[in-house]
Protein chains: 2
Amino acid sequence: MGKNLVGNHIRKLRFNHDEMTQQQLADKVGVTRQTIVALEKGNYSPSLELAFRIAHTFNLPLEEIFYYGENTKQ
Amino acid sequence: MGKNLVGNHIRKLRFNHDEMTQQQLADKVGVTRQTIVALEKGNYSPSLELAFRIAHTFNLPLEEIFYYGENTKQ
DNA sequence: ACATAATGTAAAATAAACCATACATAAAGT
DNA sequence: ACTTTATGTATGGTTTATTTTACATTATGT
C-alpha cells in the first residue's frame with residue numbers, strides 16, 4: 001500500500017462550510033464521492049491538481065488543508 | 001494525456017540553488033531523473049507527496065513553486 | 001412502516017504518475 | 001580526438017490515484 005505521508009483537514013472543513021456533504025464537495029472539485037471518502041480516510045494522497053481544486057473550494061492556501069509529515073494525524 | 005493544469009518553477013529554482021542538476025534534485029527527493037524531466041517539461045503534475053518533498057528541498061512554500069491556472073506558464 | 005439522504009465499505013477496471021533502460025546530442029575539459 | 005557531464009527524448013512496465021458500481025447502515029422525515 002506504500003504508506004501515505006500526507007494528511008488533510010478535509011472532513012473538518014466540510015462541516016465548517018455550510019455542512020457541505022461529501023457528494024457536494026466531490027461535485028465542486030470534479031471527482032466522485034469515493035475519492036473524497038478515500039482522502040478523508042487517508043488511504044492515499046491526491047494529485048497536486050486535485051489538492052489545488054480542493055483548496056480553492058475552501059478558499060484556503062493548500063498548505064492549510066494538506067500537510068506532510070510522520071504524524072498523519074495533526 | 002489529459003491536459004495538465006499545474007505549472008512550476010523547478011527549472012529556475014535548480015539554477016538558483018547551487019546550480020543543482022536534474023540528477024541531484026531527483027536523488028534528494030527520491031525519484032528518477034526522468035520524473036524531474038517530465039515535471040520541468042510540464043508533461044504531468046506530480047503527486048502531492050512529491051510536490052511537498054520538492055518544496056522542502058528548496059525551502060519554499062509549495063505554492064511558490066507550483067501554481068494552478070489556465071496559463072501553464074506564469 | 002416506509003422513503004430518503006448521508007456515510008461506510010469493497011472490488012474490479014481505467015487513467016495517470018513514476019520507474020527502468022536505452023540512445024542521442026551538445027558543451028567542457030584533458 | 002577522447003571522455004565526461006548534463007540534458008533531451010522515447011518506450012514498455014509497475015504502482016498509485018481515481019472511477020464505476022454495488023450494497024449496507026444509520027438517522028430523519030412523513
Side-chain angles (χ1 to χ4, degrees), chain A residues 1-58 60 62-63 65-74, chain B residues 1-58 62-63 65-73:
Chain A
M1 240 182 144
K3 272 170 230 267
N4 173 27
L5 291 174
V6 178
N8 67 73
H9 301 300
I10 295 178
R11 196 173 183 90
K12 245 178 292 175
L13 286 167
R14 273 201 303 119
F15 291 102
N16 295 350
H17 276 251
D18 206 19
E19 288 277 337
M20 183 185 281
T21 184
Q22 288 177 338
Q23 186 65 61
Q24 289 172 328
L25 176 56
D27 290 344
K28 284 206 179 194
V29 301
V31 296
T32 58
R33 187 174 67 88
Q34 302 318 312
T35 300
I36 304 298
V37 171
L39 292 180
E40 289 190 358
K41 278 190 63 182
N43 283 359
Y44 47 73
S45 63
S47 67
L48 182 55
E49 215 170 307
L50 177 53
F52 267 119
R53 276 181 298 195
I54 292 173
H56 186 258
T57 294
F58 289 128
L60 286 174
L62 192 150
E63 290 179 278
I65 303 180
F66 299 94
Y67 50 91
Y68 181 79
E70 327 296 319
N71 44 343
T72 286
K73 304 228 161 169
Q74 186 175 273
Chain B
M1 243 179 137
K3 271 171 232 271
N4 173 27
L5 292 175
V6 177
N8 65 75
H9 301 301
I10 294 179
R11 196 174 183 88
K12 245 178 293 174
L13 287 167
R14 272 200 304 118
F15 291 102
N16 295 350
H17 276 251
D18 205 20
E19 289 278 336
M20 184 184 279
T21 185
Q22 288 176 337
Q23 186 65 60
Q24 289 171 329
L25 177 55
D27 290 345
K28 284 207 177 192
V29 301
V31 297
T32 58
R33 188 174 66 88
Q34 302 317 312
T35 300
I36 304 299
V37 171
L39 292 180
E40 288 191 358
K41 280 189 60 181
N43 283 359
Y44 50 74
S45 63
S47 66
L48 182 54
E49 215 170 307
L50 177 53
F52 267 119
R53 275 182 273 152
I54 292 174
H56 187 259
T57 292
F58 288 128
L62 193 150
E63 291 180 279
I65 303 180
F66 299 94
Y67 50 91
Y68 181 79
E70 327 294 321
N71 44 341
T72 286
K73 305 228 161 169

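Note that the structure is predicted; figures quoted are calculated from it, not measured. Proteins come first, then strands; the chains are lettered A, B, ... in the order of their sequence lines, and each starts at number 1.
- Note: A:E40 CD to A:R11 CZ = 5.0 Å, rounded to the nearest 0.5 Å.
- Put simply, CZ on B:R53 is 11 Å from C1' on C:dC18, counting in whole angstrom units.
- Put simply, the side chain of B:S47 gets close to the backbone of B:L50: a donor and an acceptor are under 3.5 Å apart.
- Within residues 31-39 of chain B, the residues approached by DNA chain D to less than 4.0 Å at the level of any non-hydrogen atom are B:R33, B:Q34, B:V37, in residue-number order.
- Each ring-ring contact (aromatic ring centres under 6.0 Å, His included) pair with one or both residues in residues 19-39 of chain A, not counting sequence neighbours, would appear here, but there are none.
- In this structure, CD on B:E49 lies 12.0 Å from CD1 on B:I54, to the nearest 0.5 angstrom.
- Remark: C1' of D:dT16 and CG of A:N4 are 11 Å apart, rounded to the nearest angstrom.
- Shown here is B:H17, whose NE2 atom has more than 12 heavy atoms of other residues, nucleotides or ligands within 6.0 Å.
- Between the CZ atom of A:F52 and the C1' atom of D:dA17 there is a distance of 18 Å, rounded to whole Å.
- In this structure, CG of B:N43 is placed 11 Å from P of D:dG8, rounded to the nearest angstrom.
- Atom pair B:L48:CG and C:dC18:P shows a separation of 11 Å (rounding to whole Å applied).
- For the pair A:L48 and B:A51, the tightest heavy-atom approach, listed with the atom from each and the gap, is CD2-CB, 4.0 Å.
- In this structure, A:E49 atom CD and D:dT19 atom P are separated by 12 Å, rounded to whole Å.
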Begin from the C-alpha positions of A:N16 and A:F58 and carry the test side chain to side chain contact (heavy atoms under 4.5 Å, CB included) through to its verdict. CA-CA 9 Å; A:N16 295 350; A:F58 289 128; over 6 Å; no
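- Between A:S47 and C:dA17 there is no side-chain polar atom (N or O) within less than 4.0 angstrom of OP1 or OP2.
- Under 4.0 angstrom from either OP1 or OP2 of D:dT9 there lies at least one side-chain N or O belonging to B:K41.
- Annotation: proximity of residues 13-30 of chain B to DNA chain C (heavy atom, distance under 4.0 Å) is found for B:G30, numbered in ascending order.
- The shortest non-hydrogen separation linking A:Y68 to B:F52 is CB-CG, 3.6 Å.
- Contact annotation: A:R11 side-chain N/O to C:dG8 OP1/OP2 distance is under 4.0 Å.
- Rounded to an integer number of Å, the gap from A:Y44 OH to C:dA16 P is 14 Å.
- Looking at every heavy atom in both residues, B:L39 comes nearest to B:N8 through O-ND2, 3.1 Å.
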